[in-house]
Amino acid sequence: MKRTITILLTLILMLSVLSGCGSEKDTAKELDLEAVYQSIIDAQENADEIALLPEDNADIIESFYAGLGAIELKQQLLYMHPVTGAPCEIMLVEVADESDVQAVKDIFAARIALGSDDDFYPDNAAGWINNAQIQSSGSYVAMLVLPDGCTIPENVFA
């Protein structure tokens, strides 16, 4: 009887250790998008000259990022320049399902194409063409457009 109990306890212990290791492996590092944004701004030599304002109005966001409202997001953070069309904008999202990352990248690419269209804001198009990037890591996606003289980190999610 003691031997059976010892074997059962050993098996339970082994299963709990194995399941504990599995959950550590599956848990992804969660990022605070506000901290990611701040690190991007803090990395700029002229950070005090970058005028970006937070935008959280769903209708405005959908007008610039058509289709994003249909994707389930865990986090979303948009900072825009107060002058419409200016090549200075940071959009950071965390998708609930990693299979949506490509759809978000496509939405961001459409936003960059809109900013790059010199029919709307010809003076700003070059900034969008030359200074816009899309980055992703796991379930996080970033669209970054900073003015000339600014540096976009290689991996904003590092």
Side-chain angles (χ1 to χ4, degrees), residues 19-158:
S19 66
C21 292
S23 65
E24 282 180 32
K25 182 179 178 184
D26 295 338
T27 302
K29 176 182 170 187
E30 294 224 5
L31 298 173
D32 173 17
L33 295 184
E34 190 66 49
V36 171
Y37 166 78
Q38 198 57 55
S39 71
I40 295 166
I41 297 302
D42 290 346
Q44 307 309 314
E45 288 183 23
N46 59 342
D48 56 333
E49 297 174 20
I50 299 174
L52 290 173
L53 301 173
E55 180 59 66
D56 60 2
N57 181 295
D59 292 332
I60 291 173
I61 293 171
E62 188 65 24
S63 71
F64 285 103
Y65 297 92
L68 193 61
I71 297 172
E72 184 181 352
L73 303 176
K74 287 184 174 182
Q75 299 181 71
Q76 169 180 286
L77 184 68
L78 172 60
Y79 278 84
M80 300 181 82
H81 195 276
V83 176
T84 302
C88 190
E89 190 167 308
I90 297 176
M91 177 63 147
L92 306 168
V93 300
E94 178 186 11
V95 295
D97 183 349
E98 279 191 48
S99 67
D100 289 326
V101 166
Q102 187 58 50
V104 172
K105 286 176 153 182
D106 293 342
I107 291 166
F108 288 178
R111 172 67 180 126
I112 293 170
L114 179 65
S116 301
D117 184 353
D118 61 6
D119 290 339
F120 291 111
Y121 302 103
D123 294 340
N124 296 327
W128 280 89
I129 292 167
N130 298 323
N131 302 333
Q133 284 187 21
I134 298 171
Q135 297 183 14
S136 66
S137 177
S139 59
Y140 297 94
V141 188
M143 191 221 51
L144 310 140
V145 187
L146 293 175
D148 289 333
C150 291
T151 303
I152 297 174
E154 274 188 45
N155 182 358
V156 297
F157 300 116

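Computed from a predicted structure; not experimentally measured.
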Verify side chain to side chain contact (heavy atoms under 4.5 Å, CB included) between V156 and I90, making sure each step is shown before the conclusion. CA-CA 11 Å; V156 297; I90 297 176; over 6 Å; no

Separation of L144 CG from C150 SG (nearest 0.5 Å): 11.5 Å

Quick check: closest heavy atoms across C88 and I50, and the distance to 0.1 Å? SG-CG2, 3.8 Å

Show the numbers, then the answer: is there a side chain to side chain contact (heavy atoms under 4.5 Å, CB included) between V104 and L68? CA-CA 7 Å; V104 172; L68 193 61; 4.1 Å; yes

ring-ring contact (aromatic ring centres under 6.0 Å, His included) partners for F64, two or more places apart: none

Are K74 and V95 close enough that some pair of their side-chain heavy atoms sits under 4.5 Å apart? no

For N131, check side chain to side chain donor-acceptor pair (under 3.5 Å) against everything at least two apart and list the hits. D148

I want to check something: taking the side chain as every heavy atom from C-beta on, are I40 and L146 in contact at a cut-off of under 4.5 Å? yes

On a heavy-atom basis, the closest approach of A109 and I134 is N-CD1, 3.5 Å

Applied to residues 107-119, the salt bridge (Lys or Arg N to Asp or Glu O under 4.0 Å) test, sequence neighbours excluded, yields E89-R111

When you compare the side chain of V145 with that of H81, does any pair of heavy atoms fall below 4.5 Å? no

Judged by atom type as modelled, is there a donor-acceptor pair below 3.5 Å linking the side chain of E62 to the main-chain atoms of G69? yes

Separation between CG (L77) and CG (D32), nearest 0.5 Å, reads 8.5 Å

When the ring planes of Y79 and Y37 are compared, do they come out parallel, tilted or perpendicular, using 30° and 60° as the limits? parallel

Using side-chain contact (heavy atoms from CB on, under 4.5 Å) as the criterion, list what pairs up with Q38, not counting sequence neighbours. I41, D42

What residue pairs, at least two apart or across chains, pass side-chain hydrogen bond (donor to acceptor under 3.5 Å, both in side chains) with a residue in residues 94-103? Q75-E94, E94-Y140, D97-S99, Q102-D106

With the side chain counted from C-beta on, respond yes when I152 and Q135 share a heavy-atom pair under 4.5 Å apart, and no when they do not. yes

Heavy atoms only: give me the nearest A125-S116 pair and the separation to one decimal. CB-O, 3.4 Å

Any side-chain heavy-atom pair of M91 and Q76 under 4.5 Å: yes

With a 4.5 Å heavy-atom cut-off, do I71 and I107 have their side chains touching? yes

Does A126 have any side-chain contact (heavy atoms from CB on, under 4.5 Å) partners at least two apart in sequence or in another chain, and if so, which? N130

Working to the nearest 0.5 angstrom, can you tell me the gap between S136 OG and M143 CE? 14.0 Å

